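The structure appears right after this line, and notes come after that.
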Amino acid sequence: MTGLQISDLSMRFDLPNGSSIQALKDVNISLNEGELLSVLGPSGCGKTTLLNIVAGFLAPTDGQIELNGHRVEGPAAERGMVFQQGALFEWMSVRENVGFGPRMKGMKPDEKRKIVDHLLDVVGLQEFKEKAVYELSGGMQQRVALARCLANEPDVILMDEPLGALDALTREKMQGLVLKLWKETGKTIILITHSVEEALLLGERLIVMAPRPGRIHKEYRLPFADLGVGQDLREVKKHPQFAETREEILSMIWNMEEEIMGRTEGTDA
Amino acid sequence: MTLLGELWEELVEVLLTLVSAIPYVIGYVALILLTALIWRLVKRVLTPKKDYVSLKTVTFGDESAVVSNNVASVVSIVFLFVLWGAFTGSKLLPGFLHAPGPFIGDASFTYTVTAADGATDDATVAVRVYPNGADVEDITIEPGEGFAKNDAINIVAYRSSLFRVDENDELGREDEAFITAVDGQALESGGSVAMDFGRVSMTPRGTLNIYPSTGWQMEPIWLPPPEAVWSRLVEIADTGFRNSTLWEHLGFSLFRVIVGFALGAAVGIPLGYAMGLSNWFRGWFDPIVEFMRPVPPLALIPLVIIWAGIGEVGKIILLFLAALWIMAIAARSGVSGVRISKVHAAYSLGASKWQIMRFVIIPNSLPEIFTGARVAMGVCWGTVVAAELVAAEKGAGMMIMTASKFQNTDIVLMGIILIGVIGFSIDMLMRQAEKWLVPWKGKG
Ligand SMILES: Nc1ncnc2c1ncn2[C@@H]1O[C@H](COP(=O)(O)OP(=O)(O)OP(=O)(O)O)[C@@H](O)[C@H]1O
Ligand SMILES: [Mg+2]
């Protein structure tokens, strides 16, 4: 069986004061190979927790994850991760960062160089390859992070708000790049984002999660990612269904946030 | 109660000393402000530079607008040397900048003796004040007429001298003849008369005490002029001090620091890594490290002397201990400070534990370790000098301690300056090394 199966996943954090937080409850997701899933949801609904479990950094309290038929037990090179920011190795140059995965595998230097050169071309950083990563702008750093992840040829790419720290324009450009890379490489991708637009533009499938306990609230299958490939993303946004879906999801999340506020502050808005 | 009283007395004494320093502090601050004003006027005359800071309208409270003014630094250092030179009569300064020096040369005064029958007679006292260590000839004088006879005396500069001028007189105290005036001014026991060259007072028993003026300058034995310190440096660099050359003294101190620090780092860094990576090690060593860290290394000197004697081993153990805890703590916080997303990224890129250690944890901890090393080197340098003050055959600290026992203030000053210069150079070197070796410091 290929693809990623998340079955009956639950996660409970026991706090030192004796109480516990149900971060995830009975989450089921089945992803085919090559699908791009965006995950939306109000803050604290367990998106990062979900991704950390898939990556293998956390063991769930219940349920299991299978990738291509075998069970996920811990972190491995088959599941690459792109973090929001600050996960590059600042003691290495751009080239060394991108070549990190192949180097860990013990790949031969010329083979590694070929891969690195190719990926730096893809993300457009060829002329910066000898630079230190802290000399690059935020957008360039995220391109390095993407290239570093791709250099390892993972089956699944997990992204936790990879574009969250970028300014709007850079972000738009990077969305185009992610879309292009996804189509070209045919990787399975889970993308967590706070931007409804981004989730709609990039996600072939979309999950909206609800908090307390973290669970899947609604699932969508979207046409925009396919439309967006090779096209100006701004054109896609003019699609009538785009605006409609966006409004629907926005008010859904808005209501959830409202409910959380009401609950924590003890007042009714 | 008595303890409180004692503390109170000490406090009062300290405060009084401080109060007496206030006028000087005010003067110093006034001078700083004055030079600032002068510099501002000078700058207005020069072509104004339109850099970013000069265009800021709000500079007060803007930390980035405050940069060290190099002119002020130069003026401040020059001023220190001028002060030093002025109050030591340095030959490097033109004479008009000198504070008034002690009286040197010949002077004289007369004294009047009144005999029991009321008869008076005058005699002259010739005074020759000469610098310490200079060859001096006695003044030849004629005894003169009358029952009071002339006298002559040589006095070393900065000293005073009791002088029984009436000892050679025909009528002395035993004849009820007493000195009643000096230079025509009446003088009684306990009183004193001001002179051009100083003053003359009379003790309760009627002996004259001659005080040539000491001026405002410091006696070389307390504070030698800069050139004396420099020539002492040249001399010691050439001939050595206490059977060792200057370079041996400094070299021994440096050697101890480097060996002690290297051993401390060699043990402390792995210890810190172990504490940062394992609960058990952290639990095991936390109490020890946290207890030993606040113990000043100097407090260990007596114990180290008891256990290891005053030889090299004892000193190196001391420096090892001084560096050990600092390095362990630096390495520990370097490891704990690694951002979890970097470790996660490395794991999901397929790195093994050993690879994470080598490619993530160690490089990530290097900036912290360098900071620790800088602190440790500073502490070691201070500790070695202090340890050598207590007991050593060679070393910078031993040099100044021995010199101070013989009142060789010039050697003490020279030693202090050299110790400062070396400490400063060590820090500069460490900073430079840090720039080269961990350029990513603070860039994560
Ligand atoms: N290590 C932990 N210990 C205890 N509670 C945790 C831990 N990690 C997460 N939680 C809790 O689990 C819940 C989900 O957290 P998570 O970080 O997955 O949310 P998120 O959806 O990623 O939020 P955001 O959008 O703000 O990133 C939160 O209530 C959080 O407080
Ligand atoms: Mg999150």
Side-chain angles (χ1 to χ4, degrees), chain A residues 48 51-58 72-93 96-107 131-136 141 144-162 165, chain B residues 269 272-273 276-279 282-283 286 330-374 430-444:
Chain A
T48 299
L51 212 66
N52 279 338
I53 295 173
V54 177
F57 304 139
L58 282 174
V72 165
E73 305 277 4
E78 59 185 14
R79 280 160 282 124
M81 189 124 179
V82 180
F83 296 85
Q84 182 173 18
Q85 223 185 15
L88 292 177
F89 306 131
E90 64 265 20
W91 44 90
M92 296 180 181
S93 66
E96 289 169 319
N97 263 283
V98 176
F100 187 80
R103 184 171 173 195
M104 295 303 102
K105 279 190 235 164
M107 192 181 278
K131 282 242 180 337
V133 286
Y134 51 81
E135 293 173 298
L136 304 185
Q141 290 186 5
V144 176
L146 273 176
R148 182 177 73 174
C149 182
L150 288 170
N152 220 20
E153 297 275 339
D155 297 329
V156 180
I157 300 180
L158 308 169
M159 303 189 185
D160 193 354
E161 296 176 44
Chain B
I269 293 174
Y273 279 147
L277 293 168
S278 143
N279 292 338
R282 160 105 33 135
D286 248 354
R332 185 186 71 186
S333 68
V335 173
S336 328
V338 61
R339 216 189 258 227
I340 186 62
S341 59
K342 292 196 215 298
V343 175
H344 278 172
Y347 269 118
S348 57
L349 287 166
S352 65
K353 272 190 184 160
W354 167 240
Q355 285 171 322
I356 300 248
M357 183 76 198
R358 168 150 180 241
F359 295 110
V360 181
I361 290 176
I362 290 181
N364 188 78
S365 65
L366 284 183
E368 287 265 8
I369 288 181
F370 259 91
T371 310
R374 249 180 69 202
M430 298 292 283
R431 269 179 213 233
Q432 221 18 270
E434 189 174 77
K435 236 183 242 170
W436 285 330
L437 297 174
V438 287
W440 63 85
K441 181 178 182 184
K443 301 283 174 47

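Hydrogens, waters and symmetry mates are skipped; everything else that's a heavy atom, side chains included, is used. Quick caveat: nothing in here was measured; it's all calculated off a predicted structure.
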Query - Any residue meeting side-chain hydrogen bond (donor to acceptor under 3.5 Å, both in side chains) with B:Gln355, in chain and number order, not counting sequence neighbours - result: B:Ser352
With a 4.5 angstrom heavy-atom cut-off, which part of [X] approaches chain B: side chain, backbone, both or neither?
{"X": "A:Leu158", "value": "neither"}
{"X": "A:Gln85", "value": "backbone"}
{"X": "A:Ala76", "value": "backbone"}

Query raised in the report: Is it the side chain or the backbone of B:Val360 that comes within 4.5 Å of chain A heavy atoms, both, or neither?
Result: both
Query raised in the report: Which atoms of B:Pro439 come close to chain A, meaning under 4.5 Å heavy atom to heavy atom: side chain ones, backbone ones, both, or neither?
Result: both
Give me the atom names and distance for the closest heavy-atom approach of [X] to [Y].
{"X": "A:Glu90", "Y": "A:Val133", "answer": "CA-CG2, 3.5 Å"}
{"X": "A:Val82", "Y": "A:Cys149", "answer": "CG2-CB, 3.9 Å"}
{"X": "A:Met92", "Y": "A:Asn97", "answer": "O-ND2, 3.3 Å"}
{"X": "A:Trp91", "Y": "A:Glu96", "answer": "O-OE1, 4.5 Å"}

**Report entry** Ring centroid separation A:Phe89 to A:Phe100 under 6.0 Å
**Finding:** yes
Query raised in the report: For A:Lys105, does the NZ atom have more than 12 heavy-atom neighbours from other residues, nucleotides or ligands under 6.0 Å away?
Result: yes
Query raised in the report: Rounded to the nearest 0.5 Å, what separation is found between the CG atom of B:Leu437 and the CD1 atom of B:Ile369?
Result: 12.5 Å
Report task. Using a 4.5 Å cut-off on heavy atoms from C-beta on, say whether the side chain of A:Glu78 contacts that of A:Val156. Result -> no
Report task. Using heavy atoms and a sub-4.5 Å threshold, report which of residues 335-343 of chain B line up against chain A, by residue number. Result -> B:Arg339, B:Ser341, B:Lys342
Requested in this report: Count the heavy-atom pairs under 4.5 Å between each of A:Arg103, A:Gln84, A:Met104 and chain B, then report the option with the highest count.
Outcome: A:Met104
